[in-house]
Amino acid sequence: DTGVSQNPRHKITKRGQNVTFRCDPISEHNRLYWYRQTLGQGPEFLTYFQNEAQLEKSRLLSDRFSAERPKGSFSTLEIQRTEQGDSAMYLCASNEYVGRRGEQFFGPGTRLTVL
Amino acid sequence: GESVGLHLPTLSVQEGDNSIINCAYSNSASDYFIWYKQESGKGPQFIIDIRSNMDKRQGQRVTVLLNKTVKHLSLQIAATQPGDSAVYFCAENEDNDMRFGAGTRLTVKP
């Protein structure tokens with residue numbers, strides 16, 4: 001399968017713990033995006049990378065959230081000191097940046113439950 | 001503030017009928033729109049896109065209409081099938097910053 005993959009698919013953690021999610025984009029895609037989706041809502045943009053450069057991070061939800069893409073391939077999203085309000089689906093998407101527009105290909109998401 | 005949204009949260013249609021899902025946007029500077037389909041437990045899947053220099057675009061069984069005068073976008077699905085049951089999102093894409101509406105849940109009755 002050459003699509004976007006995310007691991008783990010599900011994560012249950014206790015409040016206060018740190019969690020890290022991984023996204024493997026489609027191999028030739030230079031842009032990678034992270035979104036959060038809560039029940040009944042559309043995905044909410046968090047941050048994105050072009051290659052290894054993080055071009056937008058002002059919309060990360062708090063300083064407990066951070067993301068990396070050290071070699072311009074896979075990316076990780078970390079949430080420190082998780083709170084119950086962090087429970088959501090975390091989606092990753094990728095595309096090959098062409099001008100201003102382009103379809104984003106989404107992975108299946110990681111569902112986080114904070115107890 | 002600017003937003004992308006949908007008129008109805010749910011839509012129920014009979015199998016074989018045509019479906020129309022609507023979306024209103026408020027940013028008149030938006031120049032690219034995408035419709036996504038999301039099935040339960042999966043990530044959004046691209047259906048069709050349209051640029052602001054067009055008012056209609058057709059795909060396989062789907063048509064997107066754009067009315068810039070009233071800032072309205074619609075997705076038409078012809079001969080709706082049970083496999084079309086999902087949540088449909090319109091999204092505004094500005095320089096790869098995708099902003100989604102809340103979605104419409106389409107249910108297809110056999």
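Bear in mind the structure is a predicted one, so any value in this text is a computation, not a measurement. Atom set for the values below is all heavy atoms of this structure, side chains included, hydrogens, waters and symmetry mates excluded. Lettering of chains follows the sequences in order, A, B, ..., and the numbering in each one begins at 1.
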Determine, stepwise, if the pair B:S19 / B:T80 fulfils side-chain hydrogen bond (donor to acceptor under 3.5 Å, both in side chains). CA-CA 7 Å; B:S19 303; B:T80 314; 2.7 Å; yes
Report the relative orientation of the aromatic rings in B:Y25 and B:F33; use parallel for angles under 30°, tilted for 30 to 60°, perpendicular for over 60°. tilted
Applying a strict 4.5 Å limit to non-hydrogen atoms, the region of A:R111 in contact with chain B is neither
Work out which heavy atom in B:V108 is nearest to a heavy atom in B:Q14; give both atom names and the distance. CG1-C, 4.4 Å
Leading residue by heavy atom contact count with chain A [cutoff under 4.5 Å; candidates B:Q45, B:K42, B:Q38]: B:Q38
Counting only non-hydrogen atoms closer than 4.5 Å, does A:E56 touch chain B with its backbone (N, CA, C, O), its side chain (CB onward), both, or neither? neither
Between the side chains of A:Q50 and A:R31, does any donor sit under 3.5 Å from an acceptor? yes
In terms of hydrophobic clusters joined by side-chain contacts under 4.5 Å, are B:M54 and B:L75 together? yes
Criterion side-chain hydrogen bond (donor to acceptor under 3.5 Å, both in side chains) against B:S30, the qualifying member of B:R99, B:K71, B:E92: B:E92
Hey, can you tell me if A:Y35 and A:F106 have their rings parallel, tilted or perpendicular (30° and 60° cut-offs)? tilted
Look at A:P43, A:G40, A:A93 and state which one has the largest set of heavy-atom pairs under 4.5 Å with chain B. A:P43
Using the ring pair (Phe, Tyr, Trp, His ring centres under 6.0 Å) criterion, which residues pair with A:F105? Sequence neighbours excluded. A:H29
Who in residues 17-26 of chain A is close to chain B, using a strict under-4.5 Å heavy-atom cut-off? none
